[in-house]
Amino acid sequence: MGIAQRQGKDVVSVSNLAEGENLPFKFIENILQELRLAGYVESKRGKEGGCRLAKPQVDITIGEVVRLIDGRLAPIGCASETDYERCTCPDEHHCVSGC
């Protein structure tokens, strides 16, 4: 989203953002939709439309964004909500590895 600021514009189009980051349009569109629903991004429709941050950059942490996209982070696979891996402990409910 800093692209708009660097270009002296209020908003950046999804196509410019996708091209500038060398990522597929649909991928960027999906992420921006999720960020918009969470209140991090605002969108503006029309010929001069695009998207911009809904709050100052200094008020957004990378951890918040990662947790929004990937879920809460887990130190080991058996504690993960998004990338669960079965624990090697015989009794997973009383796991000694910290589950």
Side-chain angles (χ1 to χ4, degrees):
M1 305 309 296
I3 291 173
Q5 291 176 335
R6 288 193 300 267
Q7 294 176 347
K9 297 181 180 180
D10 183 40
V11 296
V12 63
S13 73
V14 178
S15 58
N16 283 348
L17 187 57
E19 185 178 307
E21 298 299 322
N22 199 27
L23 293 168
F25 177 88
K26 197 66 176 166
F27 178 73
I28 295 290
E29 189 177 51
N30 289 339
I31 290 175
L32 289 174
Q33 174 71 6
E34 198 165 342
L35 292 170
R36 187 184 64 76
L37 291 173
Y40 290 102
V41 171
E42 298 174 333
S43 57
K44 178 181 171 185
R45 295 189 180 269
K47 182 180 177 185
E48 299 295 318
C51 51
R52 65 175 162 245
L53 293 177
K55 47 183 155 180
Q57 278 180 292
V58 297
D59 294 340
I60 301 171
T61 67
I62 191 69
E64 290 174 334
V65 175
V66 168
R67 282 187 290 278
L68 174 69
I69 302 297
D70 290 338
R72 293 185 295 179
L73 303 176
I76 51 178
C78 58
S80 176
E81 294 176 354
T82 58
D83 197 26
Y84 174 82
E85 292 179 11
R86 181 147 176 77
C87 187
T88 57
C89 294
D91 180 5
E92 191 170 342
H93 294 291
H94 299 94
C95 179
V96 294
S97 63
C99 296

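In what follows, residues are counted from 1 in the order of the sequence shown. All values below come from the heavy atoms of this structure, side chains included, with hydrogens, waters and symmetry mates left out.
Environment of CZ in F25: crowded, with over 12 heavy atoms of neighbouring residues, nucleotides or ligands closer than 6.0 Å. Around CD of E19, the count of heavy atoms belonging to other residues, nucleotides or ligands within 6.0 Å does not exceed 12.
Of all heavy-atom pairs spanning R52 and V11, the tightest one is NH1-CG1, 3.5 Å. In plain terms, the two heavy atoms of V12 and L17 that are nearest each other are CG2-N, 4.2 Å. Between K26 and E29 the shortest heavy-atom distance is NZ-OE1, 3.1 Å. Among all heavy-atom pairs drawn from G39 and A54, the shortest one is O-CB, 3.3 Å. The heavy-atom pair separating L53 from E42 by the smallest distance is O-OE1, 4.2 Å.
Note that NZ of K55 is 6.0 Å distant from CD1 of I60, once rounded to the nearest 0.5 Å. Residue L35 holds its CG atom at 11.5 Å from OG of S43, rounded to the nearest 0.5 Å. Here the CD-CG distance, from E64 to D59, works out to 9.0 Å after rounding to the nearest 0.5 Å.
Between L23 and I31 the shortest side-chain heavy-atom distance does not fall below 4.5 Å.
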